[in-house]
Amino acid sequence: MPAEISLVIPTLNAADDFPGCVETLMEGLAAGLIRELIVTDGGSQDATCEFAEAAGAQLVHGPASRGGQLQRGCAAAKGNWLLVLHADTQLEAGWSRVVSQHLRDGGGRPAYFRLRFRARGVMARVVAAWANLRSRVFGLPYGDQALLIRRSDYAAAGGYPDQELMEDIAFVRRLNGLVELPACAHTSAARYQQQGWLRRGGRNLLLQGRYILGADPGDLARSYKK
């Protein structure tokens, strides 16, 4: 199978997490899946860009808006498929076999990974279980679950909007036929651990509800960062 996937990763001062993310992607390179790595940076002041260059990534620069960063990164992609993931997400071992099978047998449908936090404890499992249930029932996987989609379908759905927050909800709501891959994306639990699982989870639900009801994404982003 020819290398079909363009990896697209938005970054902003991600030097602590980014190396672990890239390390888990190497098996896809060995499997002949990955055509290119595109890092779309929002003005990092740490060593993120230096690491990206050392990893052989194509760097795309622009303002720090995750939706805008993803928009620019996907526009630069040349692969038939996009695999979009966050810099603090690590795909579990064996993901390349699962993705290869999906490319071969999945009928071209967009797909996402199961969420798991890189943290122990009941609350980490509960919050991840809710996210996975939401994804299956409502078709709303978020960016930290990683999204695999054909580039032509990405374009047909209008791509990511240039907004600071909820860009993943805005985009995936325009997709049909999303399927869950039998592999996990392990994401950082830092915000939950710093602010408390119930507090952070409740705030996220409130922000999501406000967005769906029409709140401005910029206002929500400012609330999210507090």
Side-chain angles (χ1 to χ4, degrees), residues 8-10 12 14 16-17 20-21 24 66-67 70 82-95 98-99 102 106 109-149 154 157 160-161 163-226:
V8 180
I9 303 177
L12 181 62
D16 289 341
D17 291 311
C21 172
T24 67
R66 195 158 61 193
L70 287 170
L82 306 173
L83 178 53
V84 181
L85 70 162
H86 291 176
D88 61 356
T89 295
Q90 299 177 8
L91 301 184
E92 73 175 0
W95 70 266
V98 172
V99 167
H102 182 76
R109 298 170 70 185
Y112 61 91
F113 289 74
R114 298 171 184 161
L115 181 68
R116 185 172 292 173
F117 288 102
R118 298 199 306 275
R120 296 180 179 180
V122 173
M123 288 307 301
R125 294 193 295 271
V126 168
V127 174
W130 155 247
N132 292 323
L133 180 65
R134 178 201 66 223
S135 302
R136 296 184 198 114
V137 175
F138 300 106
L140 286 176
Y142 293 169
D144 49 13
Q145 292 171 254
L147 179 66
L148 178 67
I149 183 172
Y154 170 84
Y160 286 100
Q163 58 192 53
E164 296 179 71
L165 195 67
M166 305 295 172
E167 78 293 333
D168 40 11
I169 296 180
F171 178 58
V172 299
R173 289 172 78 184
R174 299 195 296 269
L175 295 177
N176 295 314
L178 278 159
V179 297
E180 181 185 79
L181 296 171
C184 289
H186 298 255
T187 196
S188 171
R191 286 186 182 272
Y192 286 94
Q193 291 170 325
Q194 291 166 2
Q195 300 177 17
W197 288 92
L198 290 176
R199 181 185 177 195
R200 184 76 241 179
R203 177 178 284 186
N204 287 349
L205 286 173
L206 178 60
L207 292 173
Q208 292 155 14
R210 288 174 59 194
Y211 176 72
I212 290 171
L213 291 174
D216 179 73
D219 292 339
L220 298 179
R222 287 184 283 276
S223 296
Y224 179 78
K225 295 172 184 176
K226 290 180 179 178

Minimal non-hydrogen separation, Gly67 against Tyr160, with atom names: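 Result for this residue pair: O-CB, 3.8 Å.
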Minimum-distance pair of heavy atoms, taken over all atoms of His102 and Leu148: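 Closest heavy-atom pair between His102 and Leu148: CD2-CD2, 3.8 Å.
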Got a second to check how far [X]'s [atom1] is from [Y]'s [atom2], nearest 0.5 Å?
{"X": "Arg191", "Y": "Arg203", "atom1": "CZ", "atom2": "CZ", "answer": "9.5 Å"}
{"X": "Tyr192", "Y": "Gln195", "atom1": "OH", "atom2": "CD", "answer": "10.0 Å"}
{"X": "Phe117", "Y": "Gln193", "atom1": "CZ", "atom2": "CD", "answer": "9.5 Å"}
{"X": "Leu181", "Y": "Leu91", "atom1": "CG", "atom2": "CG", "answer": "10.0 Å"}
{"X": "Arg109", "Y": "Ile149", "atom1": "CZ", "atom2": "CD1", "answer": "12.5 Å"}
{"X": "Leu70", "Y": "Phe171", "atom1": "CG", "atom2": "CZ", "answer": "9.5 Å"}

His86 side chain reached by Thr187 side chain, heavy atoms, under 4.5 Å: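 Answer no - side chains too far apart.
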Minimum side-chain heavy-atom gap Val8-Tyr154 below 4.5 Å: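 No, too far: nothing below the 4.5 Å cut-off.
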Which pairs of donor and acceptor atoms, one on a side chain in residues 210-217, lie under 3.5 Å apart (sequence neighbours left out)?
residue: Tyr211; atom: OH; partner: Gln163; partner atom: NE2; Å: 3.3
residue: Asp216; atom: OD2; partner: Gly218; partner atom: N; Å: 3.0
residue: Asp216; atom: OD2; partner: Asp219; partner atom: N; Å: 3.1

Test side-chain contact (heavy atoms from CB on, under 4.5 Å) applied to Pro141 - qualifying residues, sequence neighbours left out: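 In terms of side-chain contact (heavy atoms from CB on, under 4.5 Å), with neighbours along the sequence ignored, Pro141 is linked to Tyr112, Ser135, Gln145, Val172, Leu178.
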Partners passing side-chain contact (heavy atoms from CB on, under 4.5 Å) against Ala183 (at least two apart in sequence or in another chain):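 Ala183 satisfies side-chain contact (heavy atoms from CB on, under 4.5 Å) with Glu92, Val98, Phe113 only.
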Identify every side-chain donor-acceptor pair in residues 121-132 under 3.5 Å, counting partners at least two apart or on other chains, and give the distances.
residue: Asn132; atom: OD1; partner: Leu115; partner atom: N; Å: 2.8
residue: Asn132; atom: ND2; partner: Leu115; partner atom: O; Å: 3.1
residue: Asn132; atom: ND2; partner: Ala128; partner atom: O; Å: 3.1

Sequence-distant partners of Tyr142, ring pair (Phe, Tyr, Trp, His ring centres under 6.0 Å), two or more places apart: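 Result, ring pair (Phe, Tyr, Trp, His ring centres under 6.0 Å) vs Tyr142: none returned.
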Salt bridge flag under 4.0 Å for residues Arg118 and Asp17: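 Asp17 and Arg118: salt-bridged.
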Residue among Thr89, Asp88, Asp144 satisfying side chain to side chain contact (heavy atoms under 4.5 Å, CB included) with Ser188: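 One option only clears the test, and that one is Asp88.
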Residue pairs fulfilling salt bridge (Lys or Arg N to Asp or Glu O under 4.0 Å) with at least one residue in residues 167-186, sequence neighbours excluded: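 Residue pairs passing salt bridge (Lys or Arg N to Asp or Glu O under 4.0 Å), neighbours aside: Arg66-Glu167, Arg114-Glu180, Arg136-Glu180.
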